Amino acid sequence: MSETLEQIASAARTDAPPAILLDKVNKWFGALHVLRDVSLNVALGERLVVCGPSGSGKSTMIRCINRLETHQEGRIVVNGIELSDDVKALDDIRREVGMVFQSFNLFPHLTILENCTLAPIWVRRMPKAQAEELAMEYLTRVRIPEQAKKYPGQLSGGQQQRVAIARALCMKPKIMLFDEPTSALDPEMIKEVLDTMVSLAEDGMTMICVTHEMGFARQVADRVVFMDRGEIVEMGTPAQMFESPQTERLKLFLSQILRGH
Amino acid sequence: MSETLEQIASAARTDAPPAILLDKVNKWFGALHVLRDVSLNVALGERLVVCGPSGSGKSTMIRCINRLETHQEGRIVVNGIELSDDVKALDDIRREVGMVFQSFNLFPHLTILENCTLAPIWVRRMPKAQAEELAMEYLTRVRIPEQAKKYPGQLSGGQQQRVAIARALCMKPKIMLFDEPTSALDPEMIKEVLDTMVSLAEDGMTMICVTHEMGFARQVADRVVFMDRGEIVEMGTPAQMFESPQTERLKLFLSQILRGH
Amino acid sequence: MSDLTLNTPAAASPEAVSRSAPLSQVGLLGWARANLFSGWLNTAVTLVLAYLLIRWIVGFAEWGIVNAIWSVPDNQTQACRDLKGTGACWAVIAEKHRFILFGTYPFEEHWRPALCVLLFIGLYVVSAMRRFWRPVLGLIWAVVLTLIGVLMWGGVAGLSYVPQERWGGLVITLILATFGLAFAFPLAILVALGRRSKLPAIKALCVLYVELIRGVPLISLLFMASVMFPLFLPEGMNIDKLLRAQIAIILFAGAYLAEVVRGGLQALPKGQYEAADALGLSYWQKTGFIILPQALRMVIPPLVNTFIGFFKDTSLVLIIGIFDLLTAGKTAIIEPAWQGFGIEVYITVGAIYFVFCFAMSKYSQNLEAELNRHRRR
Amino acid sequence: MSDSTIDPRSLRTPPRRPLRLSWSDERVRGIVWQVLVVGLVGSIVWWLWSNTVHNLEVRRIATGFGFLTREAGLPIAEHVIDYSPTDTYFRALMVGLLNTLKVAIVGIILATILGTLIGIARLSKNWLLAKLAAVYVEVIRDLPLLLQLLFWYAILQGLPGPRQAIHPMEGVFLSNRGLKLPWIEWQDGHSYALLMLILGAVATWLYRRQALARQMRDGRPRPVWPVGLGLTLGLPLVVWAAAGAPWTVDWPALRGFNFQGGLNVSPEYFALLLGLVLYTAGFIAEIVRAGIQAVALGQWEAAQALGLRSGQVLKLIVLPQALRVIIPPMTSQYLNITKNSSLAVAIGYQDIVSIANTTLNQTGQAIEGIAIIMLVYLTISLSISLFMNWYNARIALVER
Amino acid sequence: QAPAGAANTLDAVRARGSLICGVNTGLAGFAQPDSQGVWRGFDADYCRAVAAAIFGDPNKVRFVPTTAQVRFTALQSGEVDMLARNTTWTLSRDTSLGLDFTATNFYDGQGFMVKASAGVKSAKELEGATICVQPGTTTEQNLTDWARANRIRFTPVVIERLEELLSAYVSGRCDAYTTDVSGLAATRSAQQRPADHLILPDIISKEPLALGVRQGDARFADITRWVHFLLLSAEEFGITQANVDQMANDPRPEVQRILGKNGGLGEMLGLQNGWAVNVLKAVGNYGELFQRHLVPLGIQRGPNALWTQGGLQFSPPFR
Ligand SMILES: Nc1ncnc2c1ncn2[C@@H]1O[C@H](COP(=O)(O)OP(=O)(O)OP(=O)(O)O)[C@@H](O)[C@H]1O
Ligand SMILES: Nc1ncnc2c1ncn2[C@@H]1O[C@H](COP(=O)(O)OP(=O)(O)OP(=O)(O)O)[C@@H](O)[C@H]1O
Ligand SMILES: [Mg+2]
Ligand SMILES: [Mg+2]
């Protein structure tokens, strides 16, 4: 990568303050170098889609942003707070950043409603009644308010993933991270989850989404980032990326993706 | 059943000696009557497809043929040897009859190659080198020679089923029995296994195959047998059976099968 | 075409009457043939076993029932002695059963330990019911255990004070096992969490504790509690013998339970930890709300099995002279008149242990089956 | 950027992050926590230790292991090595240790055999056998081991006295003094023969490998057992004959109070062994059953369909898979049998606990006595664990 | 429960309101719970006697069963106030175990018992025999010393718990059973046919079984010692449980002093003057104790007869 940070920033919407900033981030798993000088600037309200072959470090990158993994070199600044070993900063960041996982990770021993109110009550110290009201609001938003009393095991995969989104939203995060939210789902269910995400995007939520759903990327992404072997190889609007890929690697990747479907 | 054995035999190719003969075979599981006066004659080189609703006794019938189940009334003669409690006869029959199961049943603690050479070495008393050569030949035949050193757990379902076929073939059986070999597989994998079976059929192997793959039946079967409630209800060429079924039961069954796909 | 189609009668009438299996296949006869007399080897095994079984049952019935003596007038055990070897002397149980059950607890106050035994049983039954698997269960335990303490000690509410060394019999066994579990459990959870901690010193401490305890027999810990423990304490301070044994059992149980709990922690998918982190829950919130509720639920069957183990192991306090059920049983036959009726006492004491352990083990088996079914669904 | 060019950055290695001295630094908190916990545990230990030292002083209790070299003066009935009460405590403890090992090793072997048989019986098609095995397992597992030991000991004491000993054949006597068997008087010839027996076993093992390798070469299976029998039995016999066939049998005979001569299995040892074996076999049976059931029915069927004989199915297919499931829980049972052998103290078998106990009682040195017991068991436990883990790893290697 | 420090056992006992007495876990005739869980026996009554002396109430005593191993530790650590637990008084125990022996309440000696059918007349004939013995006691050491001195080989059966050991002997597992003669006698009398068992005449050791208290508490030691002497003197002067009230009128000066009519001896001990009456009312005199607990077991007075009858039990004067 030869761009400087400024260049990257300029590629983003210039009118909004930066929500996430990655500056030459490096990460190793043991001796394995999985993120290499990754620099990225996400403006507030921006929707970013990350794609790339398996093992390219996409998950690792977004997990570094809310510090489920720790990076070892470079800086990550989220919402103005720099990630460090400081526990206080970490708490603040996790409050601002919601995350949705590939495998939902709902808490199976709690009802849908309890899943959603847990963090507001204990982290945001909200009264229970208020937290439940909030939760019902978001559950309505993702169109499953009637399931509130059920347990996750009684829901379909698509419904579970929507609950996971609602759960993250209940913390009123400024930023949402999605790690392949639809890849564990059957085709019919993919659609219902993507619809939810589109509606979120339309509301102006800052989002980083790892996904291979190109239709989704085209529809909502402001920018698409292509990663390979721990590096950001290409970055641009969906149109640029999909219609005129610059690098061989992206071309190869796109041909595989499209063949696969 | 009113036909005599001779009539049944005449229904088969008349120029080949009979490979398998079932004569009024009856079997009970406890009080449950699962095979009722089943009579069947399979000529050498004939390809027979058995179909019928679930629980109709298809599996039980072919498992009786290599005596994984014992029948209680009637005679079963395989390759000229009558099935009885005689251990010697049993050994001989099992050597002549290869079987492929629905759930592959590969030995997980042995490599693919060891799975294939096990029986040749211990039953046929073949030198190891020769057995391995043979195994590699059949593995090439089913188009997975490169997997020989791997363990079953590392293979896809379709590959595993092909290994199971190769393993059975390594005993150089005269007769192959297949019990729904593709029903545990994903659609793409079904095709690769069926291809292997078609190529086997083209080589003139005597085969009895329980399957609901009507395309396969049409392509290779000399005769189709339809079973219901432990009886052989109808029997004929694929064209006869599928285009002009005689009994209500077969009609019903075919309509269900076709609707299901 | 028609010559190829089988024109079977069955085809004509689909509801053909199924022929019943040969007689040898069904009914009691069929069952016996299949399960007892299939093949000559099977038949031989059946016959030999049946013969031995019947002989043993007849012999035992003769000794234990037909020839047995059920009671004797005041300690005149000569009749029993004359019958030795041919008949049981259940009179020893008739005479000593209250001592075996309650030890040296004041005779007129026996209703108190008896009530405690019932309370313990009630506690087990309630804990076994899944609808009570809620935090309120902890409260129930606290209340019942307190109540048991009050009943046993007395000194309040008009109950006379009974010092600890007078407690004995079944109730001691239940106390050692139950209090052992109640206190070992939190300890085990801490140790299990510690063993999975990222902090090396804490992890090392926990590993050391678990491996040390699991590497040595319980009786060496009991010996330690009885002869070494008093040396550990400052001069003039001392802890009652029962309490020392209880501490040894808690330390012992803690190590084994910690391994059980650790199994549950390990079985929990990593995603659960991560989801809790991502929501911003603190370590203790994450552990208390997300991890433990799931992990503990998973390990209930092995937990019950471990508990059965402790229940049996409390009998080892015999070795340091605490009057638990087994010791009381043995002490009962020290009195010269009753010496030598060990077998009868062992059988009785064994039956009591068996009833408790068997109920628990059956329960754990059912639970395991149920939980597995649940999980599969 | 092709695969072949080496990216120089891939050679970079992770840097170490500097430590910031701040309470909100996770690592600082970690260190503080550890210091706190270790400090707390350490100070409790130190407190206990100083109390102990003080108490020892006040009560004028001697410390140190000097007593080990003093004369023990305690009688020990069963000893694998020579022992008399004039020997030192150290030797007495060694005798105890060997007695523990004697019961643990024999117990492990017998419990494994019996447990396996019962486990298989539970899966038997014979309903009566299967049910009896199930009842056995349930009853044995639900009774305290100590109670069972006392029960067996009481039963064994019910045997007739030496004068009325049960005498089923020449030289064999069963009485409440134990089981007496004739035994040969040990001479050099016997040592050579024993050596040959061991050599024969090793040679058989080598031959079996050889036979297998040759079978792999030409496909012809070679029977191992006739050669094995010749090597393990014939060879020692020949050597024994060559040494002049020494043969003086030491027949047990009733002299004075007791049988003299011959081999003796004492009731204490026998009761302990019986109790341990019967108890542990109940647990092992369940392990074996679970292990066998863990091998899917389809594996049996597939193997049979290939024409393998049932013995071959067992050897080549079922056992290798079942063992994987069986070994880890079996390890803990072996550890249990060793630890449970300490209950010997209740029925008068003089194992390490019994002797260490008497020692600490006579010398008053409780700490040293208990330390010895714990050290011995920790060492044994560790050794068994290591061995079984090694074996497990070997089996797992076969697996994948 | 207030722990008792080294020097003020009496105060601690008074403050607590009860005496904690270490007894055997079960030894017929000496200390053993009956069917109702009440401790009975010679030693148990000694505990009651001391409680009666301190509180005037023999029931203010708590019995703590102690095994051979833990008895000294229990005393040292204050778990019990005194031991009345058939413990042999030896020099090393007296000096190095942090306890003081106060009075020998029972003179014993180690002997052997055999089945009469064995035809053995003397312990010297036990060559090659199997002998039952309890471990970790002076008994075991005496046995080895004696065997070595007499060049006798024997097979030991060493069992900690007395019940097992006894049943081992009774069942014939051992040819001989060795313990203190009192124990032998008790065992013998409990047998189906006592005549089938023979206590050999050889006594291989001196076993003075003594009361023990913590070292350095002279006052409490005095109390236990003088309770014992009281029981002896009462027998000597014919004071019994039944007649203790009438004896108050007995004119003999020593009786007057014993029963606290004059002399103030009780106060010198730190007790009330009526202590002796309480003790005797509670348990009776030494002879009565013996009669109640030991004679039914077939134990003869032997060396435990009063000095006036040629025995060793001797009380210093009450003055
Ligand atoms: N906890 C871990 N320990 C060691 N290596 C890891 C760990 N997590 C990920 N890796 C490795 O880091 C690299 C990047 O993984 P990452 O999960 O970020 O890829 P990805 O782009 O998300 O792939 P996918 O599309 O399969 O999810 C991979 O080589 C992976 O094997
Ligand atoms: N081992 C057995 N014990 C008792 N009943 C059995 C057993 N195996 C099969 N059956 C019963 O025998 C009948 C015939 O079973 P079989 O497996 O032969 O049917 P199938 O035609 O192969 O059915 P599917 O298409 O489901 O495989 C069924 O009712 C089945 O429940
Ligand atoms: Mg990923
Ligand atoms: Mg089938």
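This structure is a prediction, so every number in the text was calculated from the model and none was measured. Throughout, a chain's letter reflects where its sequence line sits, starting with A, and its residues are numbered from 1.
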Segment of [X] engaging chain D (4.5 angstrom heavy-atom cut-off):
X        : result
C:Leu218 : neither
C:Leu212 : both
C:Leu49  : both
C:Ala50  : both
C:Leu318 : side chain
C:Ile202 : both
C:Ser220 : both

Legend entry - Whether D:Lys125 side chain and C:Asn42 backbone form a donor-acceptor pair below 3.5 Å: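 Pair absent, no side-chain N/O of D:Lys125 close to backbone of C:Asn42.
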At what distance, to the nearest 0.5 angstrom, does [atom1] of [X] lie from [atom2] of [Y]?
X        : Y        : atom1 : atom2 : answer
C:Phe232 : D:Ser50  : CZ    : OG    : 11.5 Å
C:Phe223 : D:Ile370 : CZ    : CD1   : 7.5 Å
D:Asn126 : C:Thr46  : CG    : OG1   : 3.5 Å

Legend entry - Contact class of D:Leu150 relative to chain C, heavy atoms under 4.5 angstrom: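 Looking at D:Leu150, backbone and side chain both touch chain C.
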Inset, instruction - Side chain from CB out, backbone as N, CA, C, O: work out which of these in D:Ile373 comes under 4.5 Å of a heavy atom of chain C, or both, or neither. - result: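 For D:Ile373, the contact with chain C is made by the side chain alone.
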Inset, instruction - Name the member of C:Thr314, C:Val216, C:Asp313, C:Ile308 that forms the most heavy-atom pairs with chain D at distances under 4.5 Å. - result: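 Counting heavy-atom pairs under 4.5 Å, the top option is C:Val216.
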Legend entry - Those residues that, when tested against D:Ala285, pass side-chain contact (heavy atoms from CB on, under 4.5 Å) (two or more places apart):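 Per chain and number, D:Ala285 pairs via side-chain contact (heavy atoms from CB on, under 4.5 Å) with D:Ile118, D:Val137.
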Inset, instruction - Could you tell me which residues satisfy side-chain hydrogen bond (donor to acceptor under 3.5 Å, both in side chains) with C:Tyr124, sequence neighbours excluded, listed by chain and number? - result: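 Checked C:Tyr124 against side-chain hydrogen bond (donor to acceptor under 3.5 Å, both in side chains); matches are C:Thr178.
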Inset, instruction - Can you see which heavy atom on D:Asp142 is nearest to which on C:Phe358, and at what distance? - result: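 That closest heavy-atom pairing would be OD2-CA, 3.1 Å.
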Legend entry - Working for side-chain contact (heavy atoms from CB on, under 4.5 Å), residues C:Ile219 and D:Val345: CA-CA 10 Å; C:Ile219 72 164; D:Val345 76; 3.9 Å; yes
